[in-house]
Amino acid sequence: MADPLLTLTRAFEAAIAAAFGAEHAATDPMIRRSAHADYQANAAMALGKKLGRPPRVVAEAIKAALRLDDVCSKVEVAGPGFLNLVLRDDYVARELAATAADPRLGVPAARDPETVVIDYSSPNVAKEMHVGHLRSTILGDAIARVLSALGHTVVRQNHVGDWGTPFGMLIEHLIDQEQAGEGDLSASDLTSFYKAARAKFDADPAFAERSRRRVVLLQGGDEPTLGKWKSLVAASMRYFGSVYGRLGVTLTDADVAGESLYNAALPGVASDLEQLGLATVSEGALCVFPPGFTGREDDPLPLIVRKQDGGYGYAATDLAAVRHRVAAIGARRLVYVVGAPQAQHLAMVFAVAKLSGWLAPPARAEHVAFGSVLGPDRKMFKTRGGETVRLVDLVDEADDRAAKVLAEKNPDLDEETRARVAHAVGVGAVKYADLSNDRIKDYVFDWDRMLAFEGNTAPYLMYAHARIRSIFRKTDAKPGDAIAVTTKEERALALTICRFGAAVEEVGDTLCPHKLCAYLYDLASAFTSFYEACPVLKADDDATRASRLSICDLVARVLARGLDLLGIDAPDRM
RNA sequence: GUGCCCGUAGCUCAGUUGGAUAGAGCGGCGGCCUUCUAAGCCGUUGGUCGCAGGUUCGAGUCCUGCCGGGCGCGCCA
């Protein structure tokens, strides 16, 4: 109830029903923020058309039926039939106080909570985590946090690449290393490990042959081979865990559901598709041709479930995962945080899952597609040497750069605090840069821009938060219950605060975290304007001071909570 | 060839699901620190929303066709 939008919407629905009959009660009043007032209602135009009456007459009728005396100070018809709404100051203050008293800060609890599976991050065992994993990991984690905050049951699924033909050579290489007494897997560099195995595979035919035999042993369930495989997986999981820890990502070992998890289910997927009459053998491979998908020459496009050689492709694994998530986990919403290039593949998987009945309403799947991270040259982000950028190196550089800026801007921080704050600022900047752009688009990775303290950046939001915390370090006064809204800056700030819940809810619907970023930037901007114009500790009187302290405290809580939902820390000082 | 995505100020990006005069930041120009963090604030400059049609009271937003760029399109994941 802390969002005036909800109160207004309800009042309009009642007014429309009263003026035009109950059959129009469900008409969306279309209340939006307005440059001409606090809000505007746009329903009269559409309603006028439906009723065959002039929109302005309809608007007047709605206005006459509205009961908003204690909410609005002004309601007027404008233009072709807009209803401009100005809220009463005391009403705004009441709503603000209600938000301040609400532990959820206005974030609604889902009326119909669901179990949501979120598939994200998905690095490969025995390989380094690199920028290619950044967006899935960051976006997925933010989405998980937001849906969880909205009251849904979130099940994280880290679909790690822990199976496939490369494991033959990796295991053989591991054996070689152990025999040479170099078998310290935990300390070894994953990149060089993988590259060394790859190099040997390409250069040494005997090694390549051993590797191929090893794949067969692995797939056959040979115990010693499985043991080696498990130690490779375990080493990688420890490594991933350390990267997630440094990034502040919530994924744990308990969330791992790698490709190998579905191995046993793959023959069943294939045979069930055959029995359903969906799959046919084409060029030796078992394929499903879902309607509506064509390739070159208008040929039907196959989803290859089983390859010519009898092995199962990733399509089979993806289908088994859908089945598992719906049937075993009980998911109603399947979210895939996967790059945009895989749109067609996923669309086909979803189509087949629906045809087979494994994905049936109310369960549904959504592809949260995202673009690439680009370098300054607008091509895929690489190091100067043309190598892929490791996530650990990215975090190191973020720490360094943030520490440098911090040392310059605030030399008063002690060493330990500075390191802690630098990490929060550095990693926060990287994450925020990723989250604040519309995910479907590519974006250019630019250290200077993301670490800038002006504009829509993490440091700007954090700075606003830290300034508020600084105020409270300078006083013993506690925020009280009474809030008054008088100046135009207080008013603008108050109305912005009230939108928090709607902003979070919108991210839950659209799975577009940049909408929450845009909101938080609005909030921080509104706060800094207020901060410049309205003295808090030096307010004219005690009542104003207490009220402004309450507003400050509330802004700090919303900023911190909003950033937390994005997976970003908000330090108390910086 | 075909499918999907993108095209908004000099640059980087928003645009509340079709609403009034398209908004921010950077850059440029001009102001504001004896006062809570100036890492900031205020003002100003700057647009044929890729192009052309269409749908309607109303289109940056929806539909069609072009132009330009990116990414997919049978056994890698």
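Worth saying up front: this structure is predicted, and the values here are computed from it rather than measured. Within every chain, numbering begins at 1; the chains are lettered A, B, ... in the order of the sequence lines, protein sequences first and strands thereafter.
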Student: Which whole-number value in Å describes the distance from A:M574 CE to B:rC36 P?
Tutor: 18 Å
Student: Is A:Y460 stacked on the base of B:rA39, meaning ring centres closer than 5.5 Å and planes within 30 degrees of each other?
Tutor: no
Student: Would you mind calling B:rC26 syn or anti? Take O4'-C1'-N9-C4 for purines or O4'-C1'-N1-C2 for pyrimidines, and syn is within 90° of 0.
Tutor: anti
Student: Could I get the full list of side-chain contact (heavy atoms from CB on, under 4.5 Å) partners for A:E489, not counting sequence neighbours?
Tutor: A:T487, A:F530, A:A533, A:C534
Student: Just need the stems in RNA chain B: three or more back-to-back Watson-Crick or G-U pairs, each with both distances under 3.5 angstrom, sorted by first number.
Tutor: B:1-7 with B:67-73, B:10-13 with B:23-26, B:27-32 with B:40-45, B:50-54 with B:62-66
Student: Under 4.0 Å, counting only non-hydrogen atoms across every strand here, what does A:N84 touch: a base, just sugar-phosphate, or nothing?
Tutor: base
Student: Output the rounded distance in Å from CG (A:L461) to C1' (B:rA24).
Tutor: 13 Å
Student: Working note: A:V305 + A:V352, criterion side chain to side chain contact (heavy atoms under 4.5 Å, CB included); need CA distance, chi angles, decisive distance, verdict.
Tutor: CA-CA 11 Å; A:V305 177; A:V352 172; over 6 Å; no
Student: Does a nitrogen or oxygen in the side chain of A:S470 sit under 4.0 Å from OP1 or OP2 of B:rU37?
Tutor: yes
Student: With a 4.0 Å cut-off on heavy atoms, is A:R573 in touch with a base, just the backbone sugar-phosphate, or nothing at all?
Tutor: base
Student: Between A:D522 and A:R499, does at least one N-O distance fall below 4.0 Å, as a salt bridge requires?
Tutor: yes
Student: Just the atom pairs and distances: protein N or O near nucleotides 11-18 of chain B's N or O, under 3.5 Å.
Tutor:
unit_1: B:rU12; atom_1: OP1; unit_2: A:R378; atom_2: NH2; d: 3.4
unit_1: B:rU12; atom_1: O2'; unit_2: A:R449; atom_2: NE; d: 3.2
unit_1: B:rU12; atom_1: O2'; unit_2: A:R449; atom_2: NH2; d: 3.4
unit_1: B:rC13; atom_1: O3'; unit_2: A:N437; atom_2: OD1; d: 3.4
unit_1: B:rA14; atom_1: OP1; unit_2: A:D438; atom_2: N; d: 2.5
unit_1: B:rA14; atom_1: OP2; unit_2: A:K441; atom_2: NZ; d: 2.8
unit_1: B:rG15; atom_1: OP1; unit_2: A:H514; atom_2: NE2; d: 2.9
unit_1: B:rG15; atom_1: OP1; unit_2: A:K515; atom_2: NZ; d: 3.4
unit_1: B:rU17; atom_1: OP1; unit_2: A:R32; atom_2: NH1; d: 3.3
unit_1: B:rU17; atom_1: OP2; unit_2: A:R32; atom_2: NE; d: 2.6
unit_1: B:rU17; atom_1: OP2; unit_2: A:R32; atom_2: NH1; d: 2.4
unit_1: B:rU17; atom_1: OP2; unit_2: A:R32; atom_2: NH2; d: 3.3

Student: Taking only residues two or more places apart in sequence, or in another chain, which ones meet A:D309 in a side-chain contact (heavy atoms from CB on, under 4.5 Å)?
Tutor: A:K307
Student: For B:rU44 and B:rA52, measure between their C1' atoms and round to the nearest Å.
Tutor: 36 Å
Student: If I pick the C1' atom on B:rG65 and the same atom on B:rG25, what distance separates them, to the nearest angstrom?
Tutor: 36 Å
Student: Using whole Å, report how far CD of A:E489 lies from C1' of B:rC41.
Tutor: 11 Å
Student: When the distance from CG of A:L303 to P of B:rC76 is rounded to whole Å, what number comes out?
Tutor: 14 Å
Student: Any residue in residues 522-553 of chain A with a heavy atom nearer than 4.0 angstrom to RNA chain B? Just list them by number, or reply none.
Tutor: A:T528, A:S529, A:Y531, A:E532, A:C534, A:P535, A:V536, A:L537, A:K538
Student: Nearest nucleotide by nearest heavy atom, which residue falls closer to the 5' end of RNA chain B, A:Y463 or A:G313?
Tutor: A:Y463
Student: Identify all pairs in which a protein N or O lies below 3.5 Å from an N or O of nucleotides 71-74 of chain B, and state each distance.
Tutor:
unit_1: B:rG74; atom_1: O6; unit_2: A:E283; atom_2: OE2; d: 3.2
unit_1: B:rG74; atom_1: N1; unit_2: A:S282; atom_2: OG; d: 2.9
unit_1: B:rG74; atom_1: N2; unit_2: A:S282; atom_2: O; d: 3.1
unit_1: B:rG74; atom_1: N2; unit_2: A:S282; atom_2: OG; d: 3.0

Student: Less than 4.5 Å apart, side chain to side chain, heavy atoms only: is that true for A:I468 and A:F527?
Tutor: yes
Student: At 4.0 Å (heavy atoms only), tell me whether A:L406 reaches a base, stays on the sugar-phosphate, or touches nothing.
Tutor: base
Student: Looking at the angle O4'-C1'-N9-C4 for a purine or O4'-C1'-N1-C2 for a pyrimidine, is B:rU17 syn or anti, with syn meaning within 90° of 0?
Tutor: syn
Student: Looking only at atom P, what distance separates B:rG10 and B:rC5, rounded to whole Å?
Tutor: 27 Å
Student: For atom C1', what is the distance between B:rC11 and B:rG27, given to the nearest Å?
Tutor: 8 Å
Student: Can you check whether A:F453 and A:Y460 have ring centres sitting under 6.0 Å from each other?
Tutor: no
Student: How far, in whole Å, is B:rG60 from B:rC51 if one measures between their C1' atoms?
Tutor: 14 Å
Student: Base, sugar-phosphate, or nothing: which does A:A35 touch, judged by heavy atoms less than 4.0 Å apart?
Tutor: nothing
Student: Going by the rule salt bridge (Lys or Arg N to Asp or Glu O under 4.0 Å), which residues pair with A:R467 if we only count those two or more places apart in sequence or in a different chain?
Tutor: A:E532
Student: If a pair satisfies salt bridge (Lys or Arg N to Asp or Glu O under 4.0 Å) and one of its residues is in residues 512-521 of chain A, list it, with sequence neighbours excluded.
Tutor: A:E506-A:K515
Student: Can you tell me how far P in B:rG7 sits from the matching atom in B:rG58, rounded to whole Å?
Tutor: 25 Å
Student: Once you round it to whole Å, what is the distance between P of B:rA59 and CE of A:M45?
Tutor: 13 Å
Student: Between A:D38 and A:R491, is there a salt bridge with N-O shorter than 4.0 Å?
Tutor: yes
Student: My understanding is that only residues two or more places apart in sequence, or in another chain, count here; which of them pass side-chain contact (heavy atoms from CB on, under 4.5 Å) with A:L346?
Tutor: A:Y336, A:V338, A:F350, A:H367
Student: Quick one: A:N410 CG to B:rU37 C1', roughly how many Å, whole number?
Tutor: 8 Å
Student: Under 4.0 Å between a Lys/Arg side-chain N and an Asp/Glu carboxylate O for A:D202 and A:R198?
Tutor: yes
Student: What distance, rounded to whole Å, do you find between the two P atoms, one in B:rU21 and one in B:rU61?
Tutor: 15 Å
Student: Reading RNA chain B from 5' onward, which residue's closest nucleotide shows up sooner: A:G284 or A:E454?
Tutor: A:E454
Student: Report which part of the nucleic acid A:Q40 touches: base, sugar-phosphate, or nothing (heavy-atom distance under 4.0 Å, all strands).
Tutor: base
Student: Is A:K404 salt-bridged to A:D400, cutoff N-O under 4.0 Å?
Tutor: no
Student: Taking the basic N atoms (NZ, or NE/NH1/NH2) and the acidic carboxylate oxygens, is any pair closer than 4.0 Å for A:R378 and A:D442?
Tutor: no
Student: Would you mind reading off the distance between A:L85 atom CG and B:rA20 atom C1', rounded to a whole angstrom?
Tutor: 14 Å
Student: Looking for any heavy atom pair under 4.0 Å, which part of the strands does A:A78 touch: base, sugar-phosphate only, or nothing?
Tutor: base
Student: To the nearest Å, give me how far apart CE (A:M462) and C1' (B:rU37) are.
Tutor: 16 Å
Student: Distance check, P atoms only: B:rC29 and B:rG68, in whole angstrom units.
Tutor: 39 Å
Student: Would you mind listing every side-chain hydrogen bond (donor to acceptor under 3.5 Å, both in side chains) that reaches into residues 50-63 of chain A, with sequence neighbours excluded?
Tutor: none
Student: Which pairs with one or both residues in residues 423-437 of chain A pass salt bridge (Lys or Arg N to Asp or Glu O under 4.0 Å), sequence neighbours excluded?
Tutor: A:R135-A:D434
Student: Considering every strand and a 4.0 Å limit on heavy-atom distances, what is the contact class for A:K409: base, sugar-phosphate, or nothing?
Tutor: base
Student: Sequence neighbours left out, what passes side-chain contact (heavy atoms from CB on, under 4.5 Å) with A:V233? Give chain and number order.
Tutor: A:V125, A:D162, A:W229, A:M237
